[in-house]
Amino acid sequence: GRVRRIVVPEFETFRLANGLEVVVVEDRTLPLLQMRLALRAGSAAAPVAGLAEAAADLVLKGTRKETARQLAEGFSGLGSRFDAQDQPDYLLFHGSLLAESSERYFARMADVLTQASFPGAEFDLWAKNMREELKIRRADPGFLAEERLDKRLFPGHPYENLSPTNASLDAMNRDAVADFYRRCCAPQGAVMVLVGDVKAAAARKMLDRVLGRWGGGAPEQAVAPMPP
């Protein structure tokens with residue numbers, strides 16, 4: 001049959017004073033917002049395999065002001081979601097929220113971006129669980145096939161091995177995870193996308209207020225070189 005024409009919605013872009021690029025797609029269908037924030041801190045840029053995965057898994061385990069439980073209850077109390085995951089080239093924060101609670105939501109997000117504490121006990125538990133997870137991964141034919149394919153396609157490139165190993169777990173600790181995050185978690189070079197019930201002008205004013213204290217220049221070597 002005929003290929004359907006893709007209609008790209010209209011959008012507006014702007015850059016905050018701290019360097020964060022923001023893309024806004026206004027959609028008034030529902031009083032909701034979807035948010036994506038991509039930081040140039042992906043698995044391929046980590047000096048040790050698994051470091052970015054650890055950062056993504058542990059970044060919501062506490063801040064200087066709140067425990068993991070308080071963080072979770074704070075976001076859920078707003079009727080919202082806020083999560084993080086590592087990808088080859090980016091650390092991705094993503095969430096959904098009620099448009100009316102956007103300022104409170106992004107203020108809480110700012111606390112995570114600037115004050116994530118990476119508690120040592122949480123890292124120790126993560127590393128212990130990851131060692132068990134590795135046993136499961138290495139018993140999965142699909143994982144083993146993908147691992148071999150990556151080594152064949154990207155020899156000598158960071159894409160060659162993105163998954164943690166027992167050796168890489170031995171080589172990392174809580175301080176290494178926190179240092180990687182703080183070096184790479186910067187507004188310069190990061191991109192935020194907002195889709196939903198919001199106007200670009202209002203979003204800009206609100207984000208300037210709540211994210212203005214988030215600073216830092218673009219991290220060096222934060223993005224892996226182009227694969228061969």
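Being a predicted model, the structure only gives us computed values, none of them experimental.
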**Report entry** Heavy atoms from other residues, nucleotides or ligands near CD of Glu100 exceed 12 (cutoff 6.0 Å)
**Finding:** no
Report task. Verify the neighbour count for atom CZ of Arg69: are there more than 12 heavy atoms of other residues, nucleotides or ligands below 6.0 Å? Result -> no
Report task. Among Ile, Leu, Val, Met, Phe, Trp and Tyr joined by side-chain contacts under 4.5 Å, find the other residues sharing a cluster with Leu144 and list them by chain and number. Result -> Phe143
**Report entry** Student check: side-chain heavy atoms of Val112 and Leu71 closer than 4.5 Å
**Finding:** yes
**Report entry** Trace of the side chain to side chain contact (heavy atoms under 4.5 Å, CB included) decision for Val25 with Leu194
**Finding:** CA-CA 6 Å; Val25 180; Leu194 299 176; over 6 Å; no
Report summary line: Between Ala190 and Leu20, the two heavy atoms sitting closest are O-CD1, 3.6 Å
Query raised in the report: Salt-bridged, Asp83 to Arg81, with N to O below 4.0 Å?
Result: yes
Query - Stepwise salt bridge (Lys or Arg N to Asp or Glu O under 4.0 Å) check, Glu26 with Arg28 - result: CA-CA 6 Å; Glu26 184 180 348; Arg28 300 280 178 163; 2.9 Å; yes
Query raised in the report: Is there side-chain contact between Pro88 and Leu162, with at least one heavy-atom pair below 4.5 Å?
Result: yes
Query - Heavy atoms of other groups near Lys128 NZ, more than 12 under 6.0 Å - result: no
Query raised in the report: Would a 4.5 Å heavy-atom cut-off, applied to side chains only, mark Glu66 and Thr63 as touching?
Result: yes
**Report entry** Met35 with Leu60, same ILVMFWY side-chain cluster at under 4.5 Å
**Finding:** yes
Query raised in the report: What is the distance from atom CG of Leu98 to atom CG of Leu32, rounded to the nearest 0.5 Å?
Result: 6.0 Å
Report task. Give the cluster check for Leu92 versus Leu58: same hydrophobic cluster or not, with ILVMFWY residues linked at side-chain heavy-atom distances below 4.5 Å. Result -> no
Query raised in the report: Charged N to carboxylate O below 4.0 Å: is that the case for Asp111 and Arg213?
Result: yes
Query raised in the report: Is any NZ, NE, NH1 or NH2 atom of the basic residue among Lys199 and Glu12 found under 4.0 Å from an Asp or Glu carboxylate oxygen of the other?
Result: no
Query raised in the report: Between Tyr159 and Asp150, does a side chain to side chain contact (heavy atoms under 4.5 Å, CB included) hold up when you go through it step by step?
Result: CA-CA 7 Å; Tyr159 287 180; Asp150 288 343; 5.9 Å; no
Report summary line: CG (Leu169) and OG1 (Thr165) are apart, to the nearest 0.5 Å, by 6.5 Å
Query raised in the report: Does the ring-ring contact (aromatic ring centres under 6.0 Å, His included) test come out yes or no for Phe123 and Phe118, once each step is laid out?
Result: CA-CA 7 Å; Phe123 171 81; Phe118 298 95; 9.6 Å; no
Query raised in the report: Between the main-chain N or O of Gly156 and the side-chain N or O of Glu160, is there a donor-acceptor pair closer than 3.5 Å?
Result: yes
Query - Side chains of Phe93 and Met192 in contact at under 4.5 Å (non-hydrogen atoms) - result: no
Query raised in the report: Is there a donor-acceptor contact under 3.5 Å from the side chain of Asn18 to the main chain of Trp214?
Result: yes
Query raised in the report: Is there a donor-acceptor contact under 3.5 Å from the side chain of Arg131 to the main chain of Trp126?
Result: no
Report summary line: Residues Pro47 and Phe180: closest non-hydrogen pair is CD-CD1, 4.1 Å
Query - Side chain proximity check, Leu37 to Val191, heavy atoms < 4.5 angstrom - result: no
Query - Nearest atoms (heavy-atom pairs only) where Asp86 meets Ser43 - result: OD2-OG, 2.6 Å
Requested in this report: Can you measure from CG (Leu91) to SG (Cys185) and round to the nearest 0.5 angstrom?
Outcome: 7.5 Å
Query raised in the report: Above 12 or not: heavy atoms from other molecules or residues under 6.0 Å from CD of Glu146?
Result: no
Query raised in the report: Is Val48 linked to Leu39 within one hydrophobic cluster, defined over Ile, Leu, Val, Met, Phe, Trp and Tyr using a side-chain heavy-atom separation of less than 4.5 Å?
Result: yes
Requested in this report: Given side chain to side chain contact (heavy atoms under 4.5 Å, CB included), test Thr13 with Val24 step by step and report yes or no.
Outcome: CA-CA 6 Å; Thr13 63; Val24 177; over 6 Å; no
**Report entry** Salt-bridge present (Arg137, Glu53; N to O < 4.0 Å)
**Finding:** yes
**Report entry** Within 45° cone of Phe75 ring axis and under 6.0 Å: Arg108 NZ or CZ
**Finding:** yes
Query raised in the report: Are Val195 and Phe106 in one and the same hydrophobic cluster, where Ile, Leu, Val, Met, Phe, Trp and Tyr link if side-chain heavy atoms are under 4.5 Å apart?
Result: no
**Report entry** Check: Thr114 side chain, Ala110 main-chain N or O, donor-acceptor pair, under 3.5 Å
**Finding:** yes
Requested in this report: List the atom of Pro164, the atom of Gly50, and the distance in Å for their closest heavy-atom pair.
Outcome: CB-CA, 3.7 Å
Requested in this report: Determine whether Phe14 and Val193 fall in the same hydrophobic cluster, where Ile, Leu, Val, Met, Phe, Trp and Tyr are linked whenever their side-chain heavy atoms lie under 4.5 Å apart.
Outcome: no
Report task. Taking all heavy atoms of Ala49 and all of Ser163, pick out the closest pair and write down the distance. Result -> CB-O, 3.5 Å
Query - Approximate separation, where rounding is to 0.5 Å, of Phe82 CZ and Leu97 CG - result: 10.5 Å
Requested in this report: Give a yes or no on whether the backbone of Arg104 and the side-chain of Ser101 come within a donor-acceptor separation of less than 3.5 Å.
Outcome: no
Report summary line: Of all heavy-atom pairs linking Val59 and Ala84, the shortest is CG1-CB, 3.8 Å
Report summary line: Rounded to the nearest 0.5 angstrom, the CE-CG distance for Met130 and Asp57 is 6.0 Å
Query raised in the report: How many angstroms lie between CG in Leu16 and CG in Leu211, if you round to the nearest 0.5 Å?
Result: 6.5 Å
**Report entry** Derivation and outcome, side chain to side chain contact (heavy atoms under 4.5 Å, CB included), residues Gln188 and Arg40
**Finding:** CA-CA 9 Å; Gln188 289 279 353; Arg40 300 168 77 88; over 6 Å; no
